[in-house]
2 protein chains.
Amino acid sequence: MANSTSGDSSLDRLARILGAFDADMPAMPVGVLAARAKIPLATAYRLVDQLVGRDFLRKDPAGKLRLGLGLWELANRSSAALDLREAAMPFMEDIQAVVGQHTQLAVLRDDEVLFIERLSGRDSVVNQARIAGRLPVHRTSAGVVLLAFSPAHVQEAYLRRHPDAALPGETGAAGFRKVLALVRAQGFAAFDGLVDEQTTGINVPVLGRGRVAIAALGVVVARNEVQRHAILPVLMTGARGIARAMGESPG
Amino acid sequence: MANSTSGDSSLDRLARILGAFDADMPAMPVGVLAARAKIPLATAYRLVDQLVGRDFLRKDPAGKLRLGLGLWELANRSSAALDLREAAMPFMEDIQAVVGQHTQLAVLRDDEVLFIERLSGRDSVVNQARIAGRLPVHRTSAGVVLLAFSPAHVQEAYLRRHPDAALPGETGAAGFRKVLALVRAQGFAAFDGLVDEQTTGINVPVLGRGRVAIAALGVVVARNEVQRHAILPVLMTGARGIARAMGESPG
């Protein structure tokens with residue numbers, strides 16, 4: 001795309017504008033947006049006008065800017081996330097109905113866990129995962145499962161970039177590798193209080209070619225949840241179903 | 001954004017590129033993309049490179065282009081659709097669990113019905129609605145409900161732009177207005193075989209300020225569904241819950 005005098009492309013600016021919005025800051029005046037997107041105010045006014053015209057952004061009744069439905073529609077008409085979600089949804093609904101707690105689906109992305117879908121009941125436990133939100137790999141059982149079922153070179157690259165990554169009961173890279181091997185051997189990850197003191201995340205991999213995880217399927221339950229051993233087979237069966245629906249042969 | 005010599009802005013080109021993908025054509029080679037987006041091939045190559053770099057597009061194993069997870073993530077971290085979905089999801093799950101058929105949420109957009117969410121069981125009836133997909137207003141009970149609970153000037157503008165719009169059993173604009181008034185009076189729309197011969201859509205409005213619909217909540221059931229009169233109260237209760245969760249006082 002065309003470059004400004006600073007060598008900044010239109011696409012860079014657009015990505016910074018759209019990236020300025022998140023669940024913690026879903027609405028802001030144009031001045032705040034310009035500052036967050038690191039764009040001169042006059043330029044921001046012009047771009048915002050164009051983006052509002054396409055409903056990529058919209059003005060709320062208070063005059064603050066928000067992401068618009070136009071962008072949402074374009075991104076959700078077809079995408080890898082949607083394919084995965086479509087395949088997973090019937091299985092996730094069944095699991096959520098049986099387990100009655102948060103049921104979620106995540107992928108690995110830029111060394112983080114990106115949540116694609118989350119189903120929650122009204123009386124579910126506290127949960128920090130949000131749809132299209134991210135959490136650190138080594139702070140979530142979904143992340144540990146995704147990394148455990150990644151090729152060795154991906155694991156090693158992660159450890160190089162995150163030398164301080166630690167898991168409960170283990171220290172250092174050697175301890176981390178030990179946990180990954182254990183998770184891989186047992187086929188799931190379940191950690192108490194990793195994200196929240198009161199909760200346990202239980203995750204299994206959705207396996208693709210070469211037994212690499214294409215996603216993690218999991219639930220977040222109360223830490224003293226007694227049915228833990230009943231939940232695992234449910235997750236494992238669901239993960240195989242999702243893999244099959246995605247056209248993978250579930251290992 | 002910067003304009004090309006044709007007066008076409010970067011944003012226009014970007015919107016045409018992203019808009020070239022839909023559920024019927026989720027993947028295509030760059031040549032097809034250039035043609036669909038009406039962009040010269042050389043320009044398309046350059047833009048595609050930039051978009052792949054940001055994961056707004058990605059290349060699948062066959063070398064075809066698809067929408068990438070980067071765009072999905074930006075659009076889904078915060079948006080009007082997500083707010084509505086978040087508020088509606090627990091109610092939709094309950095309805096889907098009880099009714100056991102497609103449960104969906106739609107909004108009015110550019111004279112069409114845009115589906116925000118759809119929950120379906122594995123044995124649900126045939127259904128043409130797709131998430132982020134659109135259907136004509138006067139061909140869906142969701143659309144009729146949304147229009148019936150729109151201000152009069154919106155209804156009249158729709159009729160002016162769609163003089164051929166017809167509903168079962170009525171002809172012409174007068175007949176259309178009669179149906180809208182009836183739907184408004186009874187508080188729901190239920191049409192047999194409007195989208196598919198074998199199915200019935202039953203929809204109620206989620207009401208915001210001034211009793212204008214902010215969304216339509218509905219189910220698609222088999223046409224000979226006997227529980228129809230048991231479904232309506234479930235939908236109406238759910239719609240009030242969604243309105244309340246959105247901060248509206250449900251009329």
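Reminder, nothing fancy here: chain letters follow the sequence lines and each chain counts from 1.
Across all their heavy atoms, A:Asn76 and B:Trp72 have their closest contact at OD1-NE1, 3.2 Å.
Both the backbone and the side chain of B:Leu71 come within contact range of chain A, each with at least one heavy atom under 4.5 Å from a heavy atom of that chain. Heavy-atom distances place the side chain of B:Asp83, and not its backbone, under 4.5 Å from chain A.
Contact tally against chain B (heavy-atom pairs below 4.5 Å) for A:Arg54, A:Arg66, A:Glu86, A:Met89: the top residue is A:Arg54. With respect to chain A, the highest number of heavy-atom pairs below 4.5 Å among B:Leu74, B:Leu67, B:Thr43, B:Val107 belongs to B:Leu67. Chosen from A:Leu114, A:Asp24, A:Asp110, the residue pairing most often with chain B at heavy-atom distances under 4.5 Å is A:Leu114. Between chain B and the residues A:Gly68, A:Ala27, A:Ala15, the most heavy-atom pairs under 4.5 angstrom are made by A:Ala15.
Here the CZ-OG distance, from A:Arg13 to B:Ser10, works out to 7.5 Å after rounding to the nearest 0.5 Å. In this structure, the separation between CG on A:Asp49 and CG on B:Leu11 is 11.5 Å, given to the nearest 0.5 Å.
A:Arg161 pairs by the side-chain hydrogen bond (donor to acceptor under 3.5 Å, both in side chains) definition with A:Asp111, not counting sequence neighbours. The side-chain hydrogen bond (donor to acceptor under 3.5 Å, both in side chains) test applied to B:Arg109 returns A:Asp55, A:Glu73, not counting sequence neighbours.
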query = Under the side-chain contact (heavy atoms from CB on, under 4.5 Å) criterion, do B:Asp12 and A:Gln50 qualify, and how do the steps go?
reply = CA-CA 9 Å; B:Asp12 291 336; A:Gln50 292 184 2; over 6 Å; no

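Put simply, the side chain of B:Ile116 reaches to within 4.5 Å of the side chain of A:Leu69, judged on heavy atoms.
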